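Here is the structure we will look at, set down as structure tokens.
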There are 4 protein chains.
Amino acid sequence: MGDGHHGNRHGRSEAAREAVLEAADDLLTERGFAGVTVEGIAARAGVAKQTIYRWWPSKVDILLEALGSDLAQHLTPADRGPIAEDLRAHLRALARFLTRSDPGTVLRALVGQAQHDPELAARLRSEQLAPQRERETERLLRAVEAGELPADLDPGSAVDQLVGPVYYRVLVTGEAVLPAFTDALVDGFLRAHGSVEKPS
Amino acid sequence: MGDGHHGNRHGRSEAAREAVLEAADDLLTERGFAGVTVEGIAARAGVAKQTIYRWWPSKVDILLEALGSDLAQHLTPADRGPIAEDLRAHLRALARFLTRSDPGTVLRALVGQAQHDPELAARLRSEQLAPQRERETERLLRAVEAGELPADLDPGSAVDQLVGPVYYRVLVTGEAVLPAFTDALVDGFLRAHGSVEKPS
Amino acid sequence: MGDGHHGNRHGRSEAAREAVLEAADDLLTERGFAGVTVEGIAARAGVAKQTIYRWWPSKVDILLEALGSDLAQHLTPADRGPIAEDLRAHLRALARFLTRSDPGTVLRALVGQAQHDPELAARLRSEQLAPQRERETERLLRAVEAGELPADLDPGSAVDQLVGPVYYRVLVTGEAVLPAFTDALVDGFLRAHGSVEKPS
Amino acid sequence: MGDGHHGNRHGRSEAAREAVLEAADDLLTERGFAGVTVEGIAARAGVAKQTIYRWWPSKVDILLEALGSDLAQHLTPADRGPIAEDLRAHLRALARFLTRSDPGTVLRALVGQAQHDPELAARLRSEQLAPQRERETERLLRAVEAGELPADLDPGSAVDQLVGPVYYRVLVTGEAVLPAFTDALVDGFLRAHGSVEKPS
DNA sequence: AGTTAAGCGAGACGGTACGTCTTGTCTTCAC
DNA sequence: GTGAAGACAAGACGTACCGTCTCGCTTAACT
């Protein structure tokens with residue numbers, strides 16, 4: 001905070017808000033989810049606990065807000081070339097995002113916590129995962145319109161077949177998700193759905 | 001406990017062990033992961049906290065032990081008919097296990113917690129998930145031997161393509177996992193790998 | 001607590017402080033020293049354990065504070081008549097205080113615990129016993145000034161000779177301390193120091 | 001224990017008994033009363049807890065037994081010279097015993113604990129303090145018979161007047177108990193009771 | 001000589017209290 | 001009227017001892 005004001009009648013402090021979000025993010029990457037406590041965030045952000053409780057119902061809401069629009073920024077599928085290439089690029093980006101980026105760490109932690117917390121699960125899905133899924137089905141629908149994929153394709157199932165194995169490896173098996181793996185996923189998907197494109 | 005002994009040279013009390021595992025399981029399904037406390041387990045199991053700490057390093061270890069061999073019991077893929085039918089049955093069983101069974105609830109909670117706890121992740125994978133994966137790759141390899149699947153199949157990737165979307169729906173999107181979905185997964189998989197069997 | 005505030009910038013809650021002291025006192029008289037536990041005090045006072053640990057290093061500090069100024073209130077020697085009468089009254093009051101009053105019970109418990117705890121012993125002496133001794137020597141010095149006692153009297157030893165046997169009976173032998181006994185103590189003391197007053 | 005037997009039908013092991021008493025004594029002098037735990041005694045004595053509980057109801061019983069006949073050995077008043085000299089020697093010995101000897105430490109701890117434990121108080125008095133008092137009154141009675149003290153002397157009160165101030169200093173004020181103090185006690189006592197001996 | 005039974009070391013057991021930690025609420029004061 | 005400070009009630013944490021118990025070994029006394 002530093003030179004920031006200490007309370008005023010202008011409404012909430014943007015400086016405090018950002019300090020909290022950053023502190024939460026830092027604590028998560030440095031000490032893991034258990035190290036993210038409201039007390040710790042307040043201390044690191046130089047903010048009173050009450051300020052946190054005033055604006056966020058719980059610490060997961062802070063992380064949700066910290067996640068922000070990172071998914072849209074990092075994971076909007078390209079629409080630049082043939083569907084095969086765009087999908088390969090998207091799955092590679094997804095794998096990289098989930099395993100190596102800071103917001104990916106936040107997302108993994110939230111998905112993990114969502115297994116214990118149905119309310120968080122609902123918010124996470126409606127605010128972050130559903131829009132992301134929308135971006136992905138949209139790209140597939142455009143490929144259908146372009147005649148690259150069959151007209152009777154179920155885009156929901158299709159997305160699951162593509163991203164599901166990536167999430168599975170990240171969340172469950174912990175195995176590395178290499179380009180060879182994601183590329184093979186795309187190839188298998190296209191082969192199964194009789195793509196006119198030849199897989200590499 | 002009742003007639004059970006209260007400590008002796010034989011080592012640990014089997015009655016206490018079972019009471020703890022059952023109490024942990026009950027608390028998880030009744031109150032969720034946050035409701036599983038060592039204090040609560042001890043109280044419900046009629047066991048001293050020290051007895052719990054003597055044998056389990058943490059509460060997740062209790063859940064891990066409570067999971068026991070449930071995966072092997074519920075999720076060993078059948079080898080009774082053509083690979084298509086066995087896979088369809090297996091994915092249906094997996095979906096049912098994850099979404100509706102008590103041990104499935106435990107597994108989901110542990111996978112969730114594993115996102116915050118690398119040590120638990122490692123144990124969960126080596127003790128439960130790797131053997132399960134082994135059972136699944138084995139079934140695929142037998143299909144390869146039987147000529148039902150191509151000889152150059154990568155069984156690891158194949159398993160990911162099959163079960164990955166199921167876990168994804170359960171853990172991430174929360175969408176229902178109906179037989180139609182899992183059957184379609186199997187069909188797509190077989191189509192992609194040029195199975196000689198005709199999908200239904 | 002009831003309508004009391006729950007923490008604020010003024011510092012500690014006076015209501016909590018008093019509830020703790022009273023609970024400790026009650027527990028001591030009802031269940032004895034072993035029945036005085038931080039847990040029990042907290043429960044009875046309707047106070048969080050942390051609040052107790054914030055302000056008192058240990059349970060004996062609570063009792064020490066509960067003792068407060070009871071000694072000064074109950075055991076300040078009168079200066080109303082001849083030294084013989086004042087001393088007789090004082091020793092009778094001391095015996096009554098030690099054996100039959102609530103703060104006397106607290107003092108006995110603390111003196112007992114002080115045998116196991118040098119730090120408590122030091123605090124008990126400096127905060128309670130030394131001032132009490134001061135009050136007693138002062139009365140003797142006034143008697144010296146009044147010519148009732150010899151000028152070369154060692155007031156420290158004199159106090160020990162008077163109150164020592166009373167404490168001894170209370171703490172060690174457990175024998176009753178009747179007025180006849182304390183009166184005889186005063187008589188012996190005055191006779192030994194050649195008082196001009198005639199003992200009764 | 002070493003070469004000691006491990007149970008037989010001769011009855012209890014003397015080696016175990018002595019090891020327990022010594023361990024208790026050591027722990028008391030080394031770590032204070034709070035450091036005397038049944039667990040700790042068992043560990044240091046190389047003895048099973050059950051062996052302790054078989055023979056002693058509680059840890060204070062161990063200390064009581066450890067005290068043994070130390071009082072009789074150290075604190076039997078001499079009967080060698082004039083009462084004045086014997087009393088002076090006795091009070092000096094008492095002061096030394098209480099403040100500087102190991103059994104004195106045990107006695108102080110027990111008297112302290114007796115303030116919290118009426119049952120211990122009763123046993124301590126009947127087994128140790130009453131006999132000791134008996135030894136002291138006896139010496140006074142012999143002085144009465146020898147004409148050194150008046151025939152109407154109340155020996156109980158007299159003992160209290162002599163030893164009370166010593167215990168008081170040791171247990172309550174913690175002040176040093178020097179020979180000058182105890183000698184003055186004897187002198188005052190003899191002067192008050194019209195001794196034919198001239199005080200020094 | 002084999003059996004019996006008591007005392008033993010060992011240590012797990014159900015408990016209680018410890019002192020610490022974090023949560024989410026509340027109150028006050030500075031700005 | 002926000003925000004920093006921080007006390008509060010609540011309650012779980014993991015530890016230390018308590019006193020009880022069961023066990024298998026050792027050993028003398030009694031078949």
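Since this is a predicted model, take the numbers as computed values, not measurements. Naming convention: chains lettered A, B, ... in sequence-line order (proteins, then strands); numbering from 1 in each chain.
In this structure, D/Arg54 reaches the E/dC8 phosphate: one of its side-chain N or O atoms is under 4.0 Å from OP1 or OP2. Under 4.0 angstrom from either OP1 or OP2 of E/dG9 there lies at least one side-chain N or O belonging to D/Thr51. For A/Trp55 and F/dT2, the shortest distance from a side-chain N or O to OP1 or OP2 is not below 4.0 Å.
C/Glu14 has its CD atom 18 Å from the P atom of E/dT27, to the nearest Å. Atom CZ of B/Arg12 and atom P of E/dC13 are 7 Å apart (whole Å). Residue A/Ile62 contributes atom CD1, which lies 15 Å from atom P of E/dT22 at whole-angstrom precision. In this structure, OH of C/Tyr53 is placed 17 Å from C1' of F/dC8, rounded to the nearest angstrom. Taking atom CD1 on D/Ile52 and atom P on F/dC17, their separation rounds to 13 Å, with Å as the unit.
Heavy atoms of D/Trp56 sit nowhere under 4.0 angstrom from any nucleic acid atom.
At least one test fails for A/Arg17 against the ring of A/Trp55: distance under 6.0 Å to the centre or angle within 45° of the axis.
Of the residues in residues 26-42 of chain B, those lying under 4.0 Å from DNA chain F by heavy-atom distance are B/Thr37, B/Val38, B/Glu39.
Evaluation of the salt bridge (charged side-chain N to carboxylate O under 4.0 Å, His left out) rule for B/Glu22 yields no partner, not counting sequence neighbours. Partners of A/Lys49 according to the salt bridge (charged side-chain N to carboxylate O under 4.0 Å, His left out) rule, which considers only residues two or more places apart in sequence or in another chain, are A/Glu39.
Within the 3.5 Å criterion, the main-chain N or O of C/Leu171 finds a donor-acceptor partner in the side chain of D/Gln115. Judged by distance alone, with hydrogens and angles left aside, the side-chain atoms of B/Ser126 form a donor-acceptor pair with the main-chain N or O of B/Ala122 at under 3.5 Å. Although no hydrogens or angles enter the test, the distance criterion places a donor-acceptor pair under 3.5 Å between the side chain of C/His116 and the main chain of D/Ala109.
Crowding of C/Glu127 atom CD: a count of heavy atoms from other residues, nucleotides or ligands under 6.0 Å exceeding 12.
Between D/Arg17 and C/Gln50, it is D/Arg17 whose nearest contact on DNA chain E lies nearer the 5' terminus. In terms of position on DNA chain F, the residue among C/Ala48 and B/Lys59 whose nearest nucleotide sits closer to the 5' end is C/Ala48.
Taking the side chain of B/Lys49 as heavy atoms from C-beta on, and the options E/dC13, F/dA9, E/dA17, the nearest nucleotide is E/dA17.
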